[in-house]
Amino acid sequence: MRTIVIGGGIAGPATALALRQIGHDVTVYEAYEVPVEDVGAHFGLAVNGLRALEKLGCLHDVLAAGFPVDRMRFYTAGGRLLGDVPRLRREADSMRSISLQRGRLVAILRRAALDAGAQIVTGERLVGATGSADGVVAEFATGRRDTAELLVGADGVRSTVRGLIDPSAPRAEYAGLYGVAGIAAMTGLEPGIWNLSYARNGAFVYTSIDERTQWWTAQIGDPVKPDLRGIGDAQWLRRVTELFPEAMPRAVVGAATSIVASGCLNVCDPVQKWHGGRMVLVGDAAHPVGVGHGASMCVEDALELAAALSSAPTVPAALEAYDATRRPRIDKLLKHGHNARESKRPGAVKRQINSAKMRVLLPFFERAQGYLYDYEPPSLPTAGGPRSATR
């Protein structure tokens with residue numbers, strides 16, 4: 001089967017790799033030509049995402065590119081510990097979550113997809129698509145056209161494909177939070193720990209990836225979407241220092257060596273239609289969940305879509321099966337993501353409420369979120385095995 005994938009971030013190459021495993025002829029189109037290693041900040045990969053990457057044959061390379069993170073700890077603005085729980089895993093799980101740079105993961109997935117026989121074309125922005133009973137024609141801003149039996153929208157929270165499937169679909173909106181991420185050089189902090197402080201003006205997160213290096217992110221609450229263009233490193237450091245005067249954030253930012261990324265956090269109302277005709281959504285295009293689980297959900301989607309296409313008799317039936325399999329899990333995670341974002345908004349009263357909630361809820365963390373890490377990714381048949389949907 002010929003498949004077009006729109007988007008070359010995490011979801012797109014992962015989907016291409018999964019579809020190559022079941023024998024699809026895949027081309028990935030990415031709008032930007034920026035070197036992938038230079039894009040994005042650091043983030044966490046949960047153990048369920050790592051197990052999904054193992055099914056794609058990428059786990060060894062991804063683990064080598066990241067740093068294991070054993071625990072996560074939550075603090076009040078004054079530095080009082082609210083709780084200490086496993087980071088993105090169950091307590092008894094022998095596998096550890098990792099932190100890594102987004103660009104490194106994208107580069108690994110793109111290389112694996114290319115090695116598996118997929119094509120990746122950069123500098124091509126999708127502007128339209130026309131479907132028929134047995135195929136779809138994709139149209140790009142350069143005038144290029146391509147035809148396939150399936151088009152996968154892996155084009156992120158501002159997805160073009162989402163609007164082509166359903167013109168009334170929700171659009172991404174500013175979430176009332178913006179952020180900046182950097183790297184600091186400090187000694188004396190315990191490595192392998194993810195730390196979050198509910199501070200006066202938002203949330204401050206830092207992870208000691210080794211004995212000398214911290215990756216940090218300041219998530220700043222602001223009801224008005226700021227203009228972040230043209231802000232240099234020195235200006236960012238002054239702003240974060242002013243907005244986060246608490247002891248630990250000030251110490252980490254004071255030891256900063258570089259700024260690696262900045263941007264506004266976007267949210268999207270629940271997307272009711274994930275597929276239509278010969279088009280389907282994966283990753284943030286379908287469900288921008290955030291809260292440390294977005295990348296893992298992208299890889300899970302890729303495997304589940306490929307599994308559905310490998311077993312269903314027709315493409316429409318496969319897309320229905322994919323939707324039915326994924327939506328219950330995603331709906332639960334979307335609620336968790338909303339609550340997590342709300343907890344990071346500034347305000348003295350909100351901080352007090354958050355602290356009280358965390359003291360009550362953290363002892364039950366595994367009971368509440370363990371379902372996320374219990375996910376067992378499907379095994380895909382080889383290209384010479386059972387045929388995938390063709391009609």
Side-chain angles (χ1 to χ4, degrees), residues 1-33 36 56 106 109-167 169 271 273-286 298-299 301-310 312 314-320 322-323 380 383 387-391:
M1 180 189 292
R2 169 99 175 109
T3 299
I4 292 170
V5 177
I6 304 300
I10 294 172
T15 300
L17 183 54
L19 294 180
R20 282 298 301 152
Q21 289 190 15
I22 63 170
H24 283 218
D25 175 10
V26 185
T27 300
V28 178
Y29 287 98
E30 165 57 39
Y32 299 99
E33 295 186 277
V36 294
L56 292 179
V106 175
L109 288 170
R110 286 194 188 182
R111 173 48 55 194
L114 289 169
D115 290 346
Q119 292 185 304
I120 298 178
V121 180
T122 60
E124 293 285 356
R125 183 182 298 277
L126 183 78
V127 294
T130 304
S132 64
D134 57 2
V136 60
V137 178
E139 303 168 7
F140 298 89
T142 60
R144 181 173 185 155
R145 293 160 65 90
D146 197 359
T147 302
E149 293 152 278
L150 176 66
L151 185 146
V152 180
D155 48 345
V157 67
R158 296 188 183 88
S159 173
T160 297
V161 180
R162 186 196 303 137
L164 296 174
I165 292 174
D166 179 10
V271 179
K273 292 188 67 174
W274 288 3
H275 62 92
R278 293 282 177 142
M279 294 187 285
V280 64
L281 303 174
V282 296
D284 284 356
C298 288
V299 185
D301 281 358
L303 286 167
E304 294 291 355
L305 177 61
L309 287 164
S310 70
T314 66
V315 170
L319 302 188
E320 289 285 353
Y322 160 74
D323 189 311
L380 300 179
R387 296 183 62 186
S388 62
T390 57
R391 292 181 286 121

Going by atom type alone, with no hydrogens or angles, which donor-acceptor pairs under 3.5 Å involve a side-chain atom of residues 2-15 and a protein atom two or more places apart or on another chain?
unit_1 : atom_1 : unit_2 : atom_2 : d
R2     : NE     : T147   : O      : 3.4
R2     : NH1    : T27    : OG1    : 2.9
R2     : NH2    : T27    : OG1    : 3.3
R2     : NH2    : D146   : OD1    : 3.1
R2     : NH2    : D146   : OD2    : 2.5
T3     : OG1    : H24    : ND1    : 2.8
T15    : OG1    : A11    : O      : 2.8

d(L114 CG, I120 CD1) to nearest 0.5 Å is 4.0 Å
Any idea which heavy atoms bring L281 and A286 closest together, and the distance? CB-CB, 3.7 Å
Non-hydrogen atoms of D301 and G283 that approach each other most closely: OD2-N, 2.8 Å
Tell me, do L56 and Q21 make a side-chain contact under 4.5 Å, heavy atoms counted? yes
Please check this pair: side chain of R278 against backbone of A133, looking for a donor-acceptor N/O pair closer than 3.5 Å. yes
Pairwise side-chain contact, V280 with D323, heavy-atom cut-off 4.5 Å (strictly under): no
Restricting to non-hydrogen atoms, name the atom on G277 and the atom on L319 that form the minimum distance, rounded to 0.1 Å. O-CD1, 3.7 Å
Contact between V315 and E149 at the side-chain level, heavy atoms closer than 4.5 Å - yes or no? no
From CA spacing to verdict: salt bridge (Lys or Arg N to Asp or Glu O under 4.0 Å), R111, D115: CA-CA 6 Å; R111 173 48 55 194; D115 290 346; 3.5 Å; yes
Shortest non-hydrogen pair, V157 vs R162, comes out as O-NH2, 2.7 Å
Between L380 and A18, the two heavy atoms sitting closest are CD1-O, 3.6 Å
Atom of I165, atom of G276 and distance for their closest heavy-atom approach: CG2-N, 3.8 Å
Give, for atom CG of L126 and atom CD of E30, the distance between the pair rounded to the nearest 0.5 Å. 11.5 Å
How would you list, by chain and number, every residue that makes a side chain to side chain contact (heavy atoms under 4.5 Å, CB included) with S132, sequence neighbours excluded? D134
Lys NZ or Arg CZ of R125 over Y29 ring: under 6.0 Å, within 45°: no
Rounded at 0.5 Å granularity, tell me how far CG in L164 sits from OG in S159. 7.5 Å
